Asker: 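One structure, pasted below without further comment.
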2 protein chains.
Amino acid sequence: MIHDIDKTSRLIATAEELFDRHGYIATGMDRLTEAADMSSRTLYKHAGSKTQLMAAVLAHRGQRFMHRIEVESVDALFAALEEWLQVEGQRGCLFLRVQGETGGSTPEISEAIKAHKTAFATRVQEIVATDLGQENPVLANQVLVLCEGAIHAAIYRGLDALTAARSAAAILVARARS
Amino acid sequence: MIHDIDKTSRLIATAEELFDRHGYIATGMDRLTEAADMSSRTLYKHAGSKTQLMAAVLAHRGQRFMHRIEVESVDALFAALEEWLQVEGQRGCLFLRVQGETGGSTPEISEAIKAHKTAFATRVQEIVATDLGQENPVLANQVLVLCEGAIHAAIYRGLDALTAARSAAAILVARARS
DNA sequence: GCAAATGTAAAACGTTCGTTTTACATATAT
DNA sequence: ATATATGTAAAACGAACGTTTTACATTTGC
């Protein structure tokens, strides 16, 4: 059964990369079997279906992302985000992208998106509260928008977008602290 | 020839809506012929191909968007953005979405995206310069990130994302002015 | 050492894709 | 009035889609 975990995680990792680089729908199962170096029979035994595979990719991605942003200050949040973008590439949020590609017509996936974005918003609230020493929902919303903006502006402006977001957040935090 | 313009623009408008609501790749040509109420023969005479139709949709969308943000202050920019999202819906940027769906493998489309985002960034620079009375590239980058953030956070947070972005921008502009 | 499990390679499933073609109807211009 | 342009409805194209199946090889547990 150890092999199962190996094969399954290799499959999910391969799927994540292909979905990210070429799009969810544009990535065919044939391409995936080739890239993951396994037969379609094995692939379907482990993944179930393309939709389930997409959901599995989102689950793993979300977990990895949330783990990355276990920080205690807004500035550290943007530092973590910069690392993330540097390591994972700057092709936008895989959750919002799958939402756009499916139009929200797949409940299984829509729920994964909603859960992730809710968790992310909550996490930002907590980081802001930790940084300030008290809750500040207005600032948290601003920081959330800056994160989302950095991630998406980075698609065409690169990591400069992150620098801009980070400096803006610093100003907003300093103002909120006084 | 008047009929051509009519049919072509009806086709492009229909395509824009379907692409926006269901995704570019997931929207089939059959669905488009039905929604635009024309035969596939006519559709192809006017659109050329699906790729050309996607490019045409982007061109029209970009023109309409840029026209909407012909404003002279940062605050007015976010007001215009709010109107845009209210009228057009909150499903993310159609340019970044097509980029994600195609993975940048269609030169015709990649260039349309690049051109639009460059124009947008330039426009934001101009608005900031007009508002402040002088250029301020750093602030302009921050405002750009806030716009992109508002557009994408609005997908799951609605127009509250815009309120957050707008208030953040107001603080940054006030600070830059002093 | 044998049976169950798990793998592969590859063909086949029916469906849908983007696109073209066929056959025919309807306006319009001279 | 007739030729040209432009439309429709619908069948057909080959290719690609997600998925299943067939036939066979390899590992693994008892």
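Computed from heavy atoms alone, side chains included, the values below leave out hydrogens, waters and symmetry copies. Chain naming here is simple, since letters A, B, ... match the order of the sequence lines and numbering starts at 1 in each. Small disclaimer: the values here were computed from a predicted structure and weren't measured.
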Asker: Return yes if a side-chain donor-acceptor contact under 3.5 Å exists between Ser105(A) and Thr102(A), otherwise no.
Answerer: no
Asker: For Leu172(A), run the side chain to side chain contact (heavy atoms under 4.5 Å, CB included) check against Val143(A), Leu146(A), Val138(A) and tell me which one passes.
Answerer: Leu146(A)
Asker: Could you state the CG-C1' distance from Asp6(B) to dT6(D), rounded to the nearest angstrom?
Answerer: 14 Å
Asker: Within this structure, what is the NZ-to-C1' distance between Lys50(B) and dT19(C), rounded to whole angstrom?
Answerer: 12 Å
Asker: Is a salt bridge present between Glu101(B) and Arg97(A), judged by a nitrogen-to-oxygen distance below 4.0 Å?
Answerer: no
Asker: Could you tell me whether Arg61(A) and Glu88(A) make a salt bridge, using a distance below 4.0 angstrom between a side-chain N and a carboxylate O?
Answerer: yes
Asker: Looking at DNA chain D, which of residues 21-32 of chain A put a heavy atom within less than 4.0 Å of it?
Answerer: Thr27(A), Gly28(A), Met29(A)
Asker: Expressed as a whole number of angstroms, how long is the span from Tyr44(B):OH to dG7(D):P?
Answerer: 16 Å
Asker: All N/O contacts under 3.5 Å from nucleotides 8-14 of chain C to the protein, with atom names and distances to one decimal?
Answerer:
residue	atom	partner	partner atom	Å
dT8(C)	OP2	Ser39(A)	OG	3.0
dT8(C)	OP2	Thr42(A)	OG1	2.1
dT8(C)	O4	Arg41(A)	NE	3.3

Asker: Do Val128(A) and Glu135(A) have side-chain heavy atoms sitting under 4.5 Å apart?
Answerer: no
Asker: Using OP1 and OP2 only, check whether a side-chain N or O of His46(B) sits under 4.0 Å from dG7(D).
Answerer: yes
Asker: May I ask you to decide whether Asp37(B) forms a salt bridge with Arg10(B), counting only side-chain N to carboxylate O separations under 4.0 Å?
Answerer: no
Asker: Less than 4.5 Å apart, side chain to side chain, heavy atoms only: is that true for Cys93(B) and His152(A)?
Answerer: no
Asker: Under a single-linkage rule joining Ile, Leu, Val, Met, Phe, Trp and Tyr whose side-chain heavy atoms are separated by less than 4.5 Å, which residues share a cluster with Val57(A)?
Answerer: Leu11(A), Ile12(A), Leu18(A), Phe19(A), Tyr24(A), Met29(A), Leu32(A), Met38(A), Leu43(A), Tyr44(A), Leu53(A), Met54(A), Leu58(A), Leu94(A), Phe95(A), Val98(A), Ile109(A), Ile113(A)
Asker: Between atom NZ in Lys45(A) and atom P in dA5(C), what is the gap in whole Å?
Answerer: 10 Å
